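Note sheet for the following structure.
The first residue in the sequence is number 1, and the count goes up from there. Because the structure is a prediction, the values reported are computed rather than measured.
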Amino acid sequence: MNRQNRLPSSIRSRSQLTEATRIVVKVGSSSLTTVNGGISEDALNRLVVELSAVRNRGIELILVSSGAIAAGIAPLGLTRRPRDLATQQAAAGVGQGLLMAKYTQAFGAHGITVSQVLLTADDLIRRQQYANAFRALGRLLTLGVVPVVNENDTVATHEIRFGDNDRLAALVAHLVKADALVLLSDVDAVYDGPPTRGASRIADVGSAADLDGVSIGTTGGSGVGTGGMVTKVEAATMAADSGIPTLITSTKQAGRGLAGEDVGTWFSARGGRRPARMLWLAQLANTQGGLTLDDGAVAAVVSGARSLLPAGITSVSGNFEAGDAVEITDPEGKVVARGLVNYASKELPEMLGRGTRELAKSLGSHYEREVVHIDDLVVLRPGGRTRKKQTLPPTEPKP
């Protein structure tokens, strides 16, 4: 990548977006489709005009684009977005090629080459795939290409999906060490209530406290997308918590937003950059069970940032295998952390409340290890937001 040893983002306000070196932009299906579910060439071309102007100013651009499933609806003779996974995969298989053909033509008119990059959750949480994605996107950017990223809906399963492209965009921004993330939809900002009832725009979010008491529901009614304002706020918070400032605005205001004008809702960067695997564990992992801790173990995990040992666990729930993600709760049932366990659920009951030395003596040396190692544990802030954890070794590939 250019500037391979990239520093944390120096973008501190929306007015500095024009000074960015690398930006990830995400656009949703509702912004690109017609009322009948097909791709709107007019909407797509208008967006490409704005993005091409940014790219031709020398700013590296990665576009995360929804729309493959929506683009496949009409060619398959469907009347609405399919609900079952198999038909969604079929629609994506048909629609992805159509979507890329339109992007290729539209960007080509501005002298810009684009490439298709399809990702699954595994590509961003497994080290080897993560390294491959990192290198591939980096090489495309150095060649002056605009990567068009989408979830690989044709092969993704319910268990390994990102859930929506807002979260995918946040992880891609983290992967490529973007200076900023811009989330576009058919709603121009985050509001403190329903926009149709005279609610006020929330211009800036500096911390989670700025959204206290704000009820954020799904917005838009196209029926062709999977996200809403809730997922955009979650993705923006995920990115901001890992040091990447984020702008949420409408596709119609994309040009103004990328020019640094006062539109949309700006999430200021806070916290440091973290391994993508930790972001996935905190925000996206499909947990298979839970571990309840006593007060001492909660304090050790949350305040001391220590590995979780069997002595502090009081109960186990769910059915999981070694390597699965689980929720870690305090005695009142509040989730305080998530982690990847080293034991299956059926192994743990006889271990509870016992020290590792005792377990090794009675059950064998195989049991003289942590239930959740510190490197596989992420502490959560109230409300499910992540807290910066100490002494985490880097897991990202070296540039």
Residue list, side chain to side chain contact (heavy atoms under 4.5 Å, CB included) with S15, at least two apart or on another chain: S13

How about CD on Q105, more than 12 heavy atoms from neighbouring residues, nucleotides or ligands closer than 6.0 Å, or not? no

Donor-acceptor contact present, side-chain R270 to main-chain S268, <3.5 Å: yes

Test D179 against R22 for salt bridge (Lys or Arg N to Asp or Glu O under 4.0 Å), laying out the working first. CA-CA 5 Å; D179 295 311; R22 181 175 299 152; over 6 Å; no

Under a plain distance cut-off of 3.5 Å, with no hydrogens placed, do D166 and T231 share a side-chain donor-acceptor pair? yes

Is there a donor-acceptor pair closer than 3.5 Å between any side-chain N or O of Q16 and the backbone N or O of R12? yes

Test item: L291 and V341 side chains (from C-beta on) under 4.5 Å apart, heavy atoms: yes

Is the closest side-chain donor-acceptor distance between R139 and T142 under 3.5 Å? yes

Would V149 and L63 count as a side-chain contact (heavy atoms from CB on, under 4.5 Å) if you check the C-alpha gap in whole Å, the side-chain angles of each, and the deciding distance to 0.1 Å? CA-CA 6 Å; V149 180; L63 175 62; over 6 Å; no

Before accepting this row, confirm whether a basic side-chain N of the pair D262/R201 lies closer than 4.0 Å to the acidic partner's carboxylate O. yes

Going by heavy atoms in the side chains, are D204 and D210 under 4.5 Å from each other? no

Look at the side-chain heavy atoms of Ile, Leu, Val, Met, Phe, Trp and Tyr, link any pair under 4.5 Å apart, and say whether L98 and I73 land in one connected group. yes

Straight-line distance of I313 CD1 to Y343 OH, nearest 0.5 Å: 9.5 Å

How long is the gap from CZ on R135 to CG on L140, to the nearest 0.5 Å? 13.0 Å

Using atom types as modelled and distance alone, determine if a side-chain donor or acceptor of S29 lies under 3.5 Å from a backbone N or O of A70. no

ILVMFWY network linking L309 to L348, side-chain heavy atoms under 4.5 angstrom: no

To check you understand the geometry: which heavy-atom pair defines the closest contact between L32 and S66, and what is its length? CD1-O, 3.6 Å

Indicate yes or no for a side-chain donor-acceptor contact from D188 to the backbone of S250 under 3.5 Å, with no hydrogens or angles considered. no

Does a side-chain heavy-atom distance below 4.5 Å link V24 with V64? yes

What pair of heavy atoms forms the shortest contact from E327 to T287, and how long is it? CG-CG2, 3.7 Å

By side chain to side chain donor-acceptor pair (under 3.5 Å), S315 pairs with (sequence neighbours left out) T292

Given T314 and L352, is the side-chain contact (heavy atoms from CB on, under 4.5 Å) satisfied, shown in steps? CA-CA 6 Å; T314 60; L352 304 189; over 6 Å; no

Would you say V148 and V25 are hydrophobically clustered, going by side-chain heavy atoms of ILVMFWY under 4.5 Å? yes

From I23 CD1 over to T18 OG1, what is the distance, rounded to the nearest 0.5 angstrom? 8.5 Å

Does the pair L380 and R338 meet the rule for a side-chain contact (heavy atoms from CB on, under 4.5 Å), with working shown? CA-CA 7 Å; L380 302 180; R338 285 183 172 186; 4.3 Å; yes

If only atom types and distance count, is the side chain of T246 paired as donor or acceptor with the main-chain N or O of I244 below 3.5 Å? yes

Side chain to side chain, S52 and F107, heavy atoms closer than 4.5 Å: yes

State, with a plain yes or no, whether a side-chain heavy atom of L137 is found less than 4.5 Å away from one of V117. yes

Check: V336 and T329 side chains under 4.5 Å, non-hydrogen atoms: no

Quick check: do V182 and K26 have side-chain heavy atoms less than 4.5 Å from each other? no

N45 meets the side chain to side chain donor-acceptor pair (under 3.5 Å) criterion, sequence neighbours left out, with none

Atom pair CD/CD of E347 and E321 - distance to nearest 0.5 Å: 8.5 Å

Does F320 offer a backbone N or O that forms a donor-acceptor pair with the side chain of S345 under 3.5 Å? yes

Closest heavy-atom contact between Q253 and G264? OE1-N, 4.2 Å

Considering residues at least two apart in sequence or located in another chain, which fulfil the side chain to side chain contact (heavy atoms under 4.5 Å, CB included) criterion with L359? P310, M351, R354, L363, Y367

Hey, is the main chain of V263 close enough, under 3.5 Å, to the side chain of T249 for a donor-acceptor pair? no

Give every residue pair that meets the salt bridge (charged side-chain N to carboxylate O under 4.0 Å, His left out) criterion with at least one member in residues 292-303, sequence neighbours excluded. none

Do M238 and L175 share a hydrophobic cluster (ILVMFWY, side-chain heavy atoms under 4.5 Å, transitive)? yes

What are the two closest heavy atoms between K232 and L183, and how far apart are they? O-CD1, 3.6 Å

Would you compute the distance between atom CG of L61 and atom CD1 of I112 and round it to the nearest 0.5 angstrom? 8.0 Å

Is the backbone of R83 close enough, under 3.5 Å, to the side chain of Q88 for a donor and an acceptor to pair up by distance? yes

Would you check if the side chain of T265 reaches a backbone N or O of I202 as a donor-acceptor pair within less than 3.5 Å? yes

Quick check: closest heavy atoms across M229 and I248, and the distance to 0.1 Å? SD-CG2, 4.1 Å

Validation row: V145, L141 side chains within 4.5 angstrom (heavy atoms): no

Considering only residues two or more places apart or on different chains, which pairs with a residue in residues 62-76 satisfy salt bridge (charged side-chain N to carboxylate O under 4.0 Å, His left out)? none

Which heavy-atom pair separates S307 from I374 by the least distance, and what is that distance? OG-N, 2.8 Å

Do we see a donor-acceptor contact under 3.5 Å between the side chains of S65 and N150? no

Please say yes or no: joined through hydrophobic side-chain contacts below 4.5 Å, possibly via intermediate residues, are V49 and V27 part of one cluster? no

Distance, nearest 0.5 Å, that separates CG of L308 from CD of E370: 9.5 Å

May I have the step-by-step check of side-chain contact (heavy atoms from CB on, under 4.5 Å) for E151 and L118, ending in yes or no? CA-CA 5 Å; E151 181 166 12; L118 299 178; over 6 Å; no

